[in-house]
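Everything on this sheet refers to the single structure shown next.
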There are 2 protein chains.
Amino acid sequence: MDLNALLLDYKQMVEKRIDELFPLCDVKYKKVIEAARYSLQGGGKRIRPVIMMEFCRLCGGDVRDALDFAVALEMIHTYSLIHDDLPCMDDDDMRRGKPSCHKAYGEDIALLSGDTLLTEAFFICANAPVSSDKVLKAISFLSSNAGLHGMIGGQVLDLSFEEEKPDAMALQDMYMRKTAALLIAAASIGCISAGKDDEETLKSAAKYGYNLGLAFQIIDDILDVTANEKVLGKPVGSDEKNNKTTFVSIYGLDKAFAIAAELSNMALDALDEIGGDTEALYEITNYLLDRNS
Amino acid sequence: MDLNALLLDYKQMVEKRIDELFPLCDVKYKKVIEAARYSLQGGGKRIRPVIMMEFCRLCGGDVRDALDFAVALEMIHTYSLIHDDLPCMDDDDMRRGKPSCHKAYGEDIALLSGDTLLTEAFFICANAPVSSDKVLKAISFLSSNAGLHGMIGGQVLDLSFEEEKPDAMALQDMYMRKTAALLIAAASIGCISAGKDDEETLKSAAKYGYNLGLAFQIIDDILDVTANEKVLGKPVGSDEKNNKTTFVSIYGLDKAFAIAAELSNMALDALDEIGGDTEALYEITNYLLDRNS
């Protein structure tokens with residue numbers, strides 16, 4: 001199997017669908033659409049859409065049934081990056097090698113473009129061309145994993161660490177919410193889109209998303225120490241500079257990498273539990289672990 | 001009919017349901033829940049929930065079928081106020097006679113509490129105890145009226161007026177989106193909750209929300225000139241101080257009031273089109289026009 005061809009295929013499907021569902025319109029307030037699309041098309045890897053669509057295929061579904069949910073998930077991921085970069089949050093000037101949204105469009109428009117992406121994501125879900133049952137389950141998984149006890153809860157924990165340094169358990173809880181929650185949503189909604197949403201399958205999907213998400217975040221910690229700044233597209237060494245607790249600062253590089261590898265193995269176990277043609281997801285998982293940006 | 005008793009009844013139902021659906025939990029990130037609930041319980045008039053529930057009753061439905069959607073709408077209204085008050089937007093220190101959310105909890109927590117309210121509103125809708133058909137229509141109306149071409153579009157237009165003064169038409173377009181859109185959602189979702197969502201009924205519901213929303217916003221313009229600061233709960237004269245174009249600055253007080261009255265009459269016409277026991281909505285509409293805060 002040619003993984004790069006598959007990834008490119010999914011990426012192109014998602015990008016074409018973004019243009020259809022969230023087009024640039026010629027309205028007086030189009031600045032906010034431009035800003036949202038600037039960030040949405042910022043050259044992301046589309047990891048969450050790819051995982052959702054491939055889980056749909058793994059569960060015997062037509063990937064097109066997951067496509068609109070995949071776009072919605074990517075919009076929610078993008079809104080979280082825009083708000084996270086704002087001066088009152090992480091105050092990041094750069095994102096994926098380009099000025100962050102508020103640097104390019106101003107804080108007010110960046111704030112509203114994040115709000116737009118989040119709101120329109122649910123409109124897109126509500127109007128997805130699949131059964132009502134699938135839509136309602138998808139919206140429920142998306143909102144709960146993006147919400148208070150998912151991604152946003154993780155961001156609040158992240159902020160709280162500025163005042164009180166976390167231990168390994170607290171750091172893991174934060175990563176689970178901040179990063180893994182949307183990957184859990186990706187895998188779960190993939191299954192739901194295919195109509196295979198029995199308890200066992202959803203449990204394995206969540207296990208996959210959880211372990212991959214943690215591994216992914218630990219790799220981020222590692223790359224902040226080891227990566228090439230040009231390849232990464234953002235400054236390296238920022239965690240140490242900001243005196244941030246990471247898996248690397250707690251465990252050191254080697255142990256952190258071993259933990260990430262172990263978590264990835266558990267993610268692969270979860271795929272085996274679901275069974276079927278897991279080859280692509282195996283490759284994607286390994287690709288995410290071996291990445292250098 | 002005792003309007004105050006009815007309003008109090010609805011208000012209490014909504015507030016009890018907020019406590020059930022969006023409770024304060026003892027989690028490490030509870031600060032964001034506290035901040036969201038601080039703003040959600042800031043003593044608002046619950047106009048949108050009341051209108052939604054009364055439209056549901058008018059259309060022969062059980063108001064409890066609209067209740068969760070009413071809570072979700074109030075959460076979306078509240079998130080918009082929190083984000084609108086932020087320093088990068090209107091930079092308002094006070095809201096309803098209390099420090100605004102970011103003044104009480106900090107900008108980062110205020111931003112995230114707004115994101116939480118918006119996200120959890122859709123979770124609440126997706127899990128509302130009514131038919132899937134009603135839920136999907138409600139989410140679609142809610143997201144479209146709160147989104148790019150509704151409320152957020154209105155906020156972007158409002159921002160753009162700082163650079164280019166609007167004429168009456170542009171101002172009306174902004175008010176329609178910024179204020180009327182959520183009232184259109186309130187009335188429409190009330191009808192949907194009752195299962196009366198034929199094209200004619202939804203058209204009249206939208207006409208009601210549109211005209212009431214414009215009237216309501218024009219009354220806001222008038223109160224900024226005529227109100228008692230203590231009763232209003234926020235500083236008066238701020239529009240003139242900020243050199244803002246309003247219906248009062250364009251038309252003068254008397255004409256602005258006449259336009260608001262005319263719009264209210266059109267809202268009442270819309271009620272007549274739906275028919276049935278419109279007494280309460282008649283009174284609510286007149287109450288909103290005669291308000292002094």
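The sequence lines fix the lettering, A, B, ..., with proteins before strands; numbering per chain opens at 1.
Among the candidates A:A110, A:A138, A:S143, the residue making the largest number of heavy-atom pairs closer than 4.5 Å to chain B is A:S143. In terms of heavy-atom pairs under 4.5 angstrom with chain A, the leader among B:F123, B:Y79, B:F22 is B:F123. Top candidate by heavy-atom pairs under 4.5 Å with chain A, chosen from B:T119, B:I109, B:D173, is B:T119. For the set B:G154, B:A121, B:A126, the entry with the most heavy-atom pairs within less than 4.5 Å of chain A is B:A126. Annotation: maximal heavy-atom pairing with chain A below 4.5 Å, among B:S140, B:S144, B:G147, occurs at B:S140. Note on B:A146, B:S132, B:G153: by heavy-atom pairs under 4.5 Å with chain A, the leading option is B:G153.
Residue A:E164 places its CD atom among 12 or fewer non-hydrogen atoms of other residues, nucleotides or ligands, all under 6.0 Å distant. Within a 6.0 Å radius of NZ in A:K16, no more than 12 heavy atoms belonging to other residues, nucleotides or ligands are found.
Cation-pi geometry between B:K98 and B:Y38 is met: under 6.0 angstrom from the ring centre, within 45 degrees of the axis.
Neither the backbone nor the side chain of B:I124 comes within contact range of chain A; no heavy atom of the residue lies under 4.5 Å from a heavy atom of that chain. Using a 4.5 Å cut-off between heavy atoms, A:L159 contacts chain B through its side chain alone, with no backbone atom that close. Of the two parts of A:H149, the backbone and the side chain both hold a non-hydrogen atom closer than 4.5 Å to a non-hydrogen atom of chain B. Looking at A:L86, only its side chain comes within 4.5 Å of chain B, counting heavy atoms on both sides. Looking at B:D115, both its backbone and its side chain come within 4.5 Å of chain A, counting heavy atoms on both sides. With a threshold of 4.5 angstrom between heavy atoms, A:F141 does not approach chain B through any atom at all. Only the side chain of A:C25 comes within less than 4.5 Å of a heavy atom of chain B; its backbone N, CA, C and O stay farther away. Using a 4.5 Å cut-off between heavy atoms, B:S160 makes no contact with chain A at all. Using a 4.5 Å cut-off between heavy atoms, A:L148 touches chain B through backbone and side chain atoms alike. The contact between B:L111 and chain A is made entirely by side chain atoms (from C-beta outward), counting heavy-atom distances below 4.5 Å. Contact of B:Q155 with chain A is made through backbone and side chain together, with heavy-atom distances under 4.5 Å.
With salt bridges taken as basic N to acidic carboxylate O contacts below 4.0 Å, none links B:E199 and B:K203. A salt bridge is defined here as a Lys NZ or Arg NE, NH1 or NH2 lying under 4.0 Å from an Asp or Glu carboxylate O, and A:D84 with A:K178 meets this definition. For B:E34 and B:R37, the salt-bridge test fails: no basic side-chain N is under 4.0 Å from an acidic carboxylate O.
A:R48 contributes atom CZ, which lies 15.0 Å from atom CE of A:M75 (distance to the nearest 0.5 angstrom). The CG atom of B:L117 lies 9.5 Å from the CD1 atom of B:I76; values are rounded to the nearest 0.5 Å.
Checking each of A:D167, A:L171, A:D221 against A:I250 for a side chain to side chain contact (heavy atoms under 4.5 Å, CB included) leaves exactly one that passes, namely A:L171.
Scanning both residues, B:I139 and B:C125, for their nearest heavy atoms gives CG1-CB, 3.6 Å.
Taking the six-membered ring where the residue is Trp, the centroids of B:Y175 and B:F247 are separated by under 6.0 Å.
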